[in-house]
Number of protein chains: 2
Amino acid sequence: MGRVDRSLIAGLPLFAGIAPEGLDRILAGARSTRYAKDSAIFEQEEEAHAFFLLLDGHIRVVRSTPEGQQVIVRYISAGEIFGIASALGRTTYPATAFAVVDCVALSWPTSMWSELSAQFPSFGANTYKTVGTRLQDTHTRVVEMATEQVEQRVAHALLRLLEQTGKKTDEGILIDFPISRQDIAEMTGTTLHTVSRLLSAWEDKGLIRSGRQKVTVVDPHKLMLVANGRSERS
Amino acid sequence: MGRVDRSLIAGLPLFAGIAPEGLDRILAGARSTRYAKDSAIFEQEEEAHAFFLLLDGHIRVVRSTPEGQQVIVRYISAGEIFGIASALGRTTYPATAFAVVDCVALSWPTSMWSELSAQFPSFGANTYKTVGTRLQDTHTRVVEMATEQVEQRVAHALLRLLEQTGKKTDEGILIDFPISRQDIAEMTGTTLHTVSRLLSAWEDKGLIRSGRQKVTVVDPHKLMLVANGRSERS
DNA sequence: GTGCATCTTTGCGCCTTCGCAACGACATCG
DNA sequence: CGATGTCGTTGCGAAGGCGCAAAGATGCAC
């Protein structure tokens, strides 16, 4: 918990078009919290007491089945809002949010949502736009799961992570947070075994380099061919 | 195209808490259109010129892959809004909407969205709540596709259709619009062959009765057991 | 009433993917 | 620096579900 300087959030598209005084007023209602790696920011089914803006780090949003299987709904990067169930008329969080690395996030009490979105229409509009984008992304994922083979789905998932958090290194583009085979499996609806086999095969072909909780894409273009099924079967 | 009487929409939750004069003003900007069975209300990639409210009938929202495969995103029933891409900051429709039966829908030009939602906050709020619900529903679907076998997915899909449009008959609960094996396959990410086999097996067990483009659920409770995987393998 | 288009059923072989199991590698911590 | 736990790899067998193909049903149009 602590003060937040306006400059930390002034550049975010989320707050585009809001005057400095407005930002200060928005921030006045927020509190900043640090979350240790692997801790939960909120949990599925829990009362939705707040919504969040990630300032630093990476969040993994996970939905669990009654049988205890987990599915990764999405990753959140710095600058994105999350836990906005409250903004959408829900009273409980539909998923659990884990800090993938040490994170810092702002939070506002749910009760402030209507107030903020009314007072700063562009903030509301930007948020809804984000929700709309996520709905489309999720539909895309449904389509992928319905029509593609595992190999394509995993390739697509990696490419999406690259887009979101790719970081250039001298070997290629690195996914900028620890991610295991199991994690990738939970994003794509397969098993860690199958993911491991795929990554091994791709590494042999020189598409990627990977290690413990680490994936670097060496040849994004070829990976894209795989994702589109234009790659000959091995 | 034509006039719409206020009474047609006054009872909808979407317009709850809006005065009669407000409704009239909302309707003044709308136009009513009839769509013949199997016609498209709008098409994927098309400019999002309007958003819609279904007054009567059933709509199938379909997303196509570049390879021409189709996935049913959802069914829309009377009273629901659809084509609200515009409300979410998109400029094109992300999917195609087909009239499953003869339909009647109201439409408003996209440009009216901001005006209406500003003037009638509860209308805006209800719409966003709907979007939130759909996002959750879609996530649920992702989880199902990631963790369940085809049999469970198909059972879940049928149960969802029952919930949405089930109509009691003397044989059981009927899905109230024509739906083919192919349609069910496109909802669940499988093939019409597999769906046909499943329905046949369920019919033998007395769970359902089905015919050409028609499914009646005789024993919803047992179907729920199948959906939850609590049914012994055949 | 007859013909045609569409939808449905069902058999069979194959292939992708899973499940299980065992082993190997790497990092961390005391 | 060695022990321990977590994560990754890989082999093998099983099977769920797909693809293809052909035949059977049903409703609609003329």
Side-chain angles (χ1 to χ4, degrees), chain A residues 36-38 60 67-71 100-101 144-155 157 175 177-205 208-216 226 229 231-234, chain B residues 36-38 60 67-71 98 100-102 144-155 157 175 177-205 208-216 226 229 231-234:
Chain A
K37 175 175 175 176
D38 292 331
R60 186 178 65 232
E67 287 76 30
Q69 294 190 78
Q70 307 205 321
V71 175
V100 178
V101 295
E144 282 179 9
M145 300 197 74
T147 62
E148 296 179 352
Q149 309 245 104
V150 170
E151 185 174 26
Q152 298 179 56
R153 298 208 302 267
V154 173
I175 294 172
F177 53 79
I179 184 166
S180 68
R181 308 290 184 266
Q182 175 71 35
D183 291 330
I184 298 175
E186 289 178 7
M187 297 179 70
T188 51
T190 180
T191 62
L192 78 163
H193 308 280
T194 301
V195 172
S196 181
R197 282 180 247 266
L198 283 173
L199 295 194
S200 295
W202 290 343
E203 186 142 19
D204 289 348
K205 291 192 202 158
I208 67 167
R209 305 220 51 193
S210 74
R212 194 189 177 82
Q213 312 226 64
K214 183 168 78 77
V215 178
T216 304
V226 174
S231 163
E232 66 293 344
R233 303 271 120 236
S234 59
Chain B
K37 176 174 175 176
D38 293 330
R60 186 178 65 232
E67 287 76 30
Q69 293 190 78
Q70 306 205 321
V71 175
F98 290 106
V100 176
V101 295
D102 287 351
E144 283 179 8
M145 300 198 75
T147 63
E148 296 179 352
Q149 308 246 104
V150 170
E151 185 175 26
Q152 299 180 55
R153 300 208 302 267
V154 173
I175 294 172
F177 53 79
I179 184 166
S180 70
R181 308 292 183 264
Q182 175 71 35
D183 291 330
I184 297 175
E186 288 177 9
M187 297 180 69
T188 52
T190 180
T191 62
L192 79 164
H193 308 280
T194 300
V195 172
S196 181
R197 282 181 247 266
L198 283 173
L199 294 194
S200 295
W202 290 344
E203 187 144 17
D204 289 347
K205 291 191 201 157
I208 66 167
R209 306 219 51 193
S210 74
R212 194 189 176 83
Q213 311 225 67
K214 183 168 78 76
V215 178
T216 304
V226 174
S231 164
E232 66 292 344
R233 303 270 120 238
S234 61

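Each chain gets a letter, A, B and so on, in the order its sequence line appears, and its residues count up from 1.
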Polar-atom pairs under 3.5 Å, protein N or O versus N or O of nucleotides 7-10 of chain C: list them with distances, or write none.
residue : atom : partner  : partner atom : Å
C/dC7   : O4'  : B/Arg212 : NH2          : 3.3
C/dT8   : OP1  : B/Gln213 : N            : 3.0
C/dT8   : OP2  : B/Arg181 : N            : 3.0
C/dT9   : OP1  : B/Arg181 : NH2          : 3.3
C/dT9   : OP2  : B/Arg181 : NE           : 2.8
C/dT9   : OP2  : B/Ser196 : OG           : 2.6
C/dT9   : O5'  : B/Ser196 : OG           : 3.3
C/dT10  : OP2  : B/Ser200 : OG           : 3.1
C/dT10  : O4   : B/His193 : ND1          : 3.0

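Put simply, the side chain of B/Met145 reaches to within 4.5 Å of the side chain of B/Arg153, judged on heavy atoms.
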Exercise for the section: With side chain to side chain contact (heavy atoms under 4.5 Å, CB included) as the test, would you mind laying out the steps for A/Ile184 and A/Ile179 before giving the verdict? Expected result: CA-CA 7 Å; A/Ile184 298 175; A/Ile179 184 166; 3.9 Å; yes
Exercise for the section: Applying side chain to side chain contact (heavy atoms under 4.5 Å, CB included), run through A/Asp183 and A/Phe177 and close with a yes or a no. Expected result: CA-CA 12 Å; A/Asp183 291 330; A/Phe177 53 79; over 6 Å; no
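Remark: C1' of D/dG16 and CG of B/Leu198 are 11 Å apart, rounded to the nearest angstrom. The separation between B/Lys37 atom NZ and D/dG27 atom C1' is 11 Å, rounded to whole Å. In this structure, the CG atom of B/Asp38 is 11 Å from the P atom of C/dT6, given to the nearest Å. Spacing between atom CZ of B/Arg153 and atom P of D/dG16 amounts to 14 Å, rounded to whole angstrom units. Distance A/Glu151 CD to C/dC15 P: 16 Å, rounded to the nearest Å.
With A/Asp204 contributing its side chain and A/Ala201 its backbone, the two residues share no donor-acceptor pair below 3.5 Å.
Axis angle, first five pairs versus last five pairs of the helix from C/dG1-D/dC30 to C/dG30-D/dC1: 40°, rounded to 10°.
Applying the salt bridge (Lys or Arg N to Asp or Glu O under 4.0 Å) criterion to B/Asp102, with sequence neighbours excluded, gives B/Arg34.
Going from atom CD of B/Gln149 over to atom CG of B/Leu198 covers 10.5 Å, rounded to the nearest 0.5 Å. Here CD of B/Glu186 is found 4.5 Å from CD of B/Gln182. Values are rounded to the nearest 0.5 Å. In this structure, OG1 on B/Thr216 lies 9.0 Å from CD on B/Glu203, to the nearest 0.5 angstrom.
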